[in-house]
Amino acid sequence: MYGSVLLAAGLGYYLFVYKGVDRTQQPQQSVQPVAHEYPTTRADALKYYLQAKLPWGTSLGEMYVYARSFPQNELPTEKSREALFKRFKQNVNRLREAGELPKTPLCYIDKVDLSLELTTVRVMHPDDVVSLYKRQMRYLAMFTRQANPFETLRQLVEKSSLYGRPSGPTVQSPERFSGTFALFLQDYYFSQYLPTRNEWHIYVAQQQRKLDEVEHDIFTFLNDGADQPVTNQAGKVVVTCFSTVGLELIANLLKPDRTIVPQLEVYERAFDDGIWQNYFPYTWAEVNRKEASVALQQWAKRLK
């Protein structure tokens, strides 16, 4: 890792220290939810449902996700999620026309940023570069305690957007179908700039490569033992750093709940129950337990 995380006195955040530490050491891998095998016949599915109703049985969210996949797979897909994006946009436009939502363009609702580039290239004096990197890493330190967050950032970028969401079969962990309005907005915003899977994969590859460049430059400037880059005649160097948009996107990926700023809270009205149910069925069922239970009862009757 670049270094240990120290509590910055009086500042309320953690400060990254890069000196004298192996930059190739990666953070520990997070524990992934365990996938499950589910019944494949109607008789076994009905038994599974009856067992799930016991106090120690399967969670309501997990049972609901399974029911959405058997005997016919009705779990979310790329196409169904794209249709839900259109429905959300229609809801926003309708509420705006009715005067119930402001018409001022807003990030995550409208396409307001010029691009979603996470990094930018700047020409600066070496001392200014050091100050910039320290500011940027202190900012990221408010959202992660990893001394070297770059591997996590590369993984987050890859898993973001609707193309990182599951669509069955049910051997996947049902918790992967969980989510909130904040995560929906992140997927929705990315889709406005990158509407196809091919465009998304190109974007991910580009951003991961640029994160590599930022990681290299930060290690170079914040580690006294590293070879310093050569300056030009004006005494400046060319470096890759986080862009303003990139820092905010990354902070929101690390802490999704911070996406919902006060201006965005009113737009949750456009995220209607049908969108939530069909985009994140696991969480919808856990929250709307009565409705989910009724749906499961009807599903069980159809199995008989």
| said: Are there over 12 heavy-atom neighbours, none belonging to Leu54, within less than 6.0 Å of that residue's CG? | reply: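 Atom CG in Leu54 is crowded, with more than 12 foreign heavy atoms closer than 6.0 Å.
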
| task | Can you establish whether the number of heavy atoms outside Arg96 located under 6.0 Å from its atom CZ is more than 12? | result |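 Check passes, neighbour count above 12.
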
Verify same cluster id: [X], [Y] (apolar side-chain graph, 4.5 Å):
{"X": "Val129", "Y": "Val123", "answer": "no"}
{"X": "Ile202", "Y": "Leu116", "answer": "no"}
{"X": "Leu303", "Y": "Val294", "answer": "no"}
{"X": "Val121", "Y": "Leu118", "answer": "no"}
{"X": "Val238", "Y": "Leu211", "answer": "no"}

| query | So, Glu151 and Arg154, do they make that salt bridge, N to O below 4.0 Å? | reply |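 Arg154 and Glu151: salt-bridged.
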
| message | Check this for me, if you would: do Asp187 and Arg165 make a salt bridge, where the nitrogen-to-carboxylate-oxygen distance has to be below 4.0 angstrom? | response |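 Salt bridge present between Asp187 and Arg165.
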
| query | Parallel under 30°, tilted from 30 to 60°, perpendicular over 60°: which one fits the rings of Phe70 and Tyr66? | reply |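 Aromatic pair Phe70/Tyr66 classed parallel.
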
Side chains of [Y] and [X]: any donor to acceptor distance under 3.5 Å?
{"X": "Thr196", "Y": "Glu199", "answer": "yes"}
{"X": "Arg269", "Y": "Asn91", "answer": "no"}
{"X": "Arg68", "Y": "Tyr64", "answer": "yes"}

| request: Test side chain to side chain contact (heavy atoms under 4.5 Å, CB included) on Tyr133 and Gln136 and set out the steps. | output: CA-CA 5 Å; Tyr133 282 148; Gln136 291 190 337; 4.2 Å; yes

| message | Given Phe184, which partner from the list Phe280, Phe190, Phe88 fulfils the ring-ring contact (aromatic ring centres under 6.0 Å, His included) test? | response |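 Between Phe184 and the candidates, ring-ring contact (aromatic ring centres under 6.0 Å, His included) is satisfied uniquely by Phe88.
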
| query | Only one of Met142, Met137, Arg138 forms a side-chain contact (heavy atoms from CB on, under 4.5 Å) with Leu140, so which one is it? | reply |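 Only one option passes, and that is Met137.
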
